[in-house]
Amino acid sequence: MRRCFESIIFLLTTLMLFVGCNKKVEETQPKTDEYQKVRLVMTANGTDAGIETLTARYFAKLVSDASDGNVHIEFYPNDELTGGNTNEAVRSLSEGAVDLGAYVSGTMSMLDPRLEVATIPWSFADYKEARQIIDTTGGKYYEKILVQYGLIYLGSTHNAMRQLTNNRNPIRTPDDIQGLRIRVLGGEVYRKFFSELDADPIPLGWSELNIAIRQGVIEGQDNGFFLMRSGKLNEVQKYMTVWNYLYENYLFVANRKAFEQLEPKTQQLLREKMREACDWSRNYLELEEMKIRRQFEEEGMEIIDLKRSELDAFKELVRPLREQLKHKYGEEVCNAFRIDVDKN
């Protein structure tokens, strides 16, 4: 009996030690569902209210939530890391001083002019078409170009479909725009576009625009609804022509070396959450523009939606400019963005 009792005690002790050892091994093994702990730095040009800033902050939250805080994105708007110098910020991003960034395609074109191809007038009829093309062949082309400059393309969101406002007269025909003193960005496309329509394009900084309109130096301008509201242009402009003549978008990118040093699981997380963030911000901007339009109309702005025949008259006048720009960017990129290709 004593031997039997001793045998039982021995077996129980052995079993407890075995279970204890196994538990210790399990506790020391890393959890396979955890993400690596990493801090990534992200930069953008936009203000706190800019759509790229809203998108970047939402993206950072999605990534943090999905990784239980292990993947932390530290975001700096207003080009804070380069003292407000946007061109230097893009160079820093390309060279690896910064991990992630969000910049409008026109700014990114300092690396390669082809990144600005979507600014060919009337490349896209509306936001729906822009989304469909950029999320397929257009996005693949962005990826192909950007990787040559040390960048990984992660996604794109709207900046705006640009509309025309002025306080001189309603604009429905090319004759209505002749001689209009209109503020333009400094880029070649904007200046040449309005010159082809016999308007009077005047390059002017954004911060000076509202005052210039109040003083009568400028009669009109072109921008998206979102930016017009932030600049309070609805207070100084009487008429708007909705014609979607030019589309601008933000490109979200990662430095290639920094991205490739991440674990594959983390890379996939960044790609997935960026797509989610861009879809969210596109939907947000499109809905917000509808609200802003109603606000402008309620405040007394006359908003004109051009009929197809009216729009065709403007398109015919800028056809030479479109052909010039298509030649500049090249057949491959124009095909990728389906410019003058049947989209049906």
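Positions are given from 1 along the sequence.
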| request: Using distance alone, with no hydrogens and no angle criterion, decide if Thr157 and Ser281 have a side-chain donor and acceptor under 3.5 Å apart. | output: yes
| said: Do Gln237 and Asn166 pair up side chain to side chain, a donor and an acceptor below 3.5 Å, judged on atom types alone? | reply: no
| task | Count the heavy atoms belonging to other residues, nucleotides or ligands that lie under 6.0 Å from CD of Glu331, then report whether that count exceeds 12. | result | no
| message | Closer than 3.5 angstrom, by distance alone: can the side chain of Asn255 be matched with the main-chain N or O of Leu93 as a donor-acceptor pair? | response | yes
| remark: Smallest heavy-atom separation, Val71 atom then Ser67 atom, equals N-OG, 3.0 Å
| message | Heavy-atom count check: over 12 atoms from other residues, nucleotides or ligands less than 6.0 Å from Ile211 CD1? | response | no
| request: Verify the cluster assignment for Ile213 and Tyr239: are they in a single hydrophobic cluster under the rule of side-chain heavy atoms below 4.5 Å apart? | output: no
| field | Separation between CZ of Arg168 and CG of Leu180, rounded to the nearest 0.5 Å | value | 5.0 Å
| query | Do you know which two heavy atoms are closest between Val184 and Phe194, and how far apart they sit? | reply | CG1-CD1, 3.6 Å
| message | Is the shortest side-chain heavy-atom distance between Phe193 and Leu325 below 4.5 Å? | response | no
| Just by distance, do the side chain of Ser94 and the backbone of Gly150 share a donor-acceptor pair under 3.5 Å? | no
| message | With a 4.5 Å cut-off on side-chain heavy-atom distances among I, L, V, M, F, W and Y, is there a chain of contacts connecting Ile177 to Val189? | response | yes
| said: Side chains of Tyr247 and Glu129: any donor to acceptor distance under 3.5 Å? | reply: no
| message | Under a 3.5 Å distance rule, please check whether Ser64 uses its side chain to pair with a backbone N or O of Lys61 as donor and acceptor. | response | no
| query | Have Arg131 and Asn283 got a donor and an acceptor in their side chains that come within less than 3.5 Å? | reply | yes
| Would you say the side chains of Asn249 and Ser105 form a donor-acceptor pair under 3.5 Å? | yes
| Any side-chain donor-acceptor pair under 3.5 Å between Asp222 and Tyr190? | no
| query | Is the shortest heavy-atom distance from the side chain of Met240 to the side chain of Arg293 under 4.5 Å? | reply | no
| request: Could you tell me how the ring of Phe337 sits relative to the ring of Tyr141: parallel (under 30°), tilted (30 to 60°) or perpendicular (over 60°)? | output: perpendicular
| message | Whether the Ser309 and Asp312 side chains hold a donor-acceptor pair (N or O, under 3.5 Å, no angle test) is what I'd like checked. | response | no
| query | Can you tell if the side chain of Ile304 reaches within under 4.5 Å of the side chain of Arg172, non-hydrogen atoms only? | reply | yes
| message | Is it the case that the side chain of Asn78 and the backbone of Glu80 share a donor-acceptor pair, with hydrogens and angles ignored and the cut-off at 3.5 Å? | response | no
| message | Which residue is it: Glu288, Glu235, Glu299? I am looking for the one with a salt bridge (Lys or Arg N to Asp or Glu O under 4.0 Å) to Arg229. | response | Glu288
| side chain to side chain contact (heavy atoms under 4.5 Å, CB included) between Tyr127 and Met161, worked out | CA-CA 7 Å; Tyr127 285 128; Met161 283 283 188; 3.5 Å; yes
| message | A side-chain contact here means heavy atoms from C-beta on lying under 4.5 Å apart; do Arg91 and Thr82 qualify? | response | no
| remark: Looking only at heavy atoms, the pair that brings Ala118 and Ser123 closest together is O-OG, 3.4 Å
| query | Heavy-atom distance under 4.5 Å between the side chains of Val253 and Tyr142, does that happen here? | reply | no
| note | When rounded to the nearest 0.5 Å, the distance separating CD of Glu34 from CD of Glu263 is 10.5 Å
| request: Nearest 0.5 Å please: distance from the CD atom of Gln324 over to the NZ atom of Lys192. | output: 4.0 Å
| request: Indicate whether any N or O donor in one side chain lies under 3.5 Å from an N or O acceptor in the other, for Asn210 and Arg214. | output: yes
| request: Taking Asn70 for its side chain and Tyr35 for its backbone only, find out whether a donor-acceptor pair lies under 3.5 Å. | output: yes
| query | Side chains of Phe75 and Thr53: does their closest heavy-atom pair fall under 4.5 Å? | reply | yes
| message | I'd like to check Gln163 versus Thr241 (side-chain heavy atoms, cut-off strictly below 4.5 Å). Are they in contact? | response | no
| message | Heavy-atom count check: over 12 atoms from other residues, nucleotides or ligands less than 6.0 Å from Lys315 NZ? | response | yes
| field | Under 3.5 Å donor-acceptor, Arg162 side chain and Leu246 backbone | value | no
| said: side chain to side chain contact (heavy atoms under 4.5 Å, CB included) for Trp280 and Leu62? Distances and angles first, verdict last. | reply: CA-CA 11 Å; Trp280 169 83; Leu62 290 175; over 6 Å; no
| said: For residues 303-329, which residue pairs pass the ring pair (Phe, Tyr, Trp, His ring centres under 6.0 Å) check, not counting sequence neighbours? | reply: Trp243-Phe314
| request: Report yes or no: does Arg322 contribute a side-chain atom to a donor-acceptor pair with the main-chain N or O of Pro121 at less than 3.5 Å? | output: yes
| Judged by modelled atom types alone, do Gln148 and Asp112 share a side-chain donor-acceptor pair under 3.5 Å? | no
| message | When you compare the side chains of Thr119 and Glu248, does any donor N or O come within less than 3.5 Å of an acceptor on the partner? | response | no
| note | Value for CD1 (Ile73) from CG (Leu270), rounded to nearest 0.5 Å, stands at 6.0 Å
| Heavy-atom closest contact (Leu227 atom, Trp206 atom, distance) | O-CH2, 3.4 Å
| message | Is the shortest side-chain heavy-atom distance between Ile171 and Asn169 below 4.5 Å? | response | yes
Can you give the donor-acceptor pairs under 3.5 Å from side chains of residues 95-104 to other protein atoms, not counting sequence neighbours?
residue	atom	partner	partner atom	Å
Asp99	OD2	Val41	N	2.8
Tyr103	OH	Thr43	OG1	3.1
Tyr103	OH	Asp79	OD1	2.4

| task | Taking Glu52 for its side chain and Tyr250 for its backbone only, find out whether a donor-acceptor pair lies under 3.5 Å. | result | no
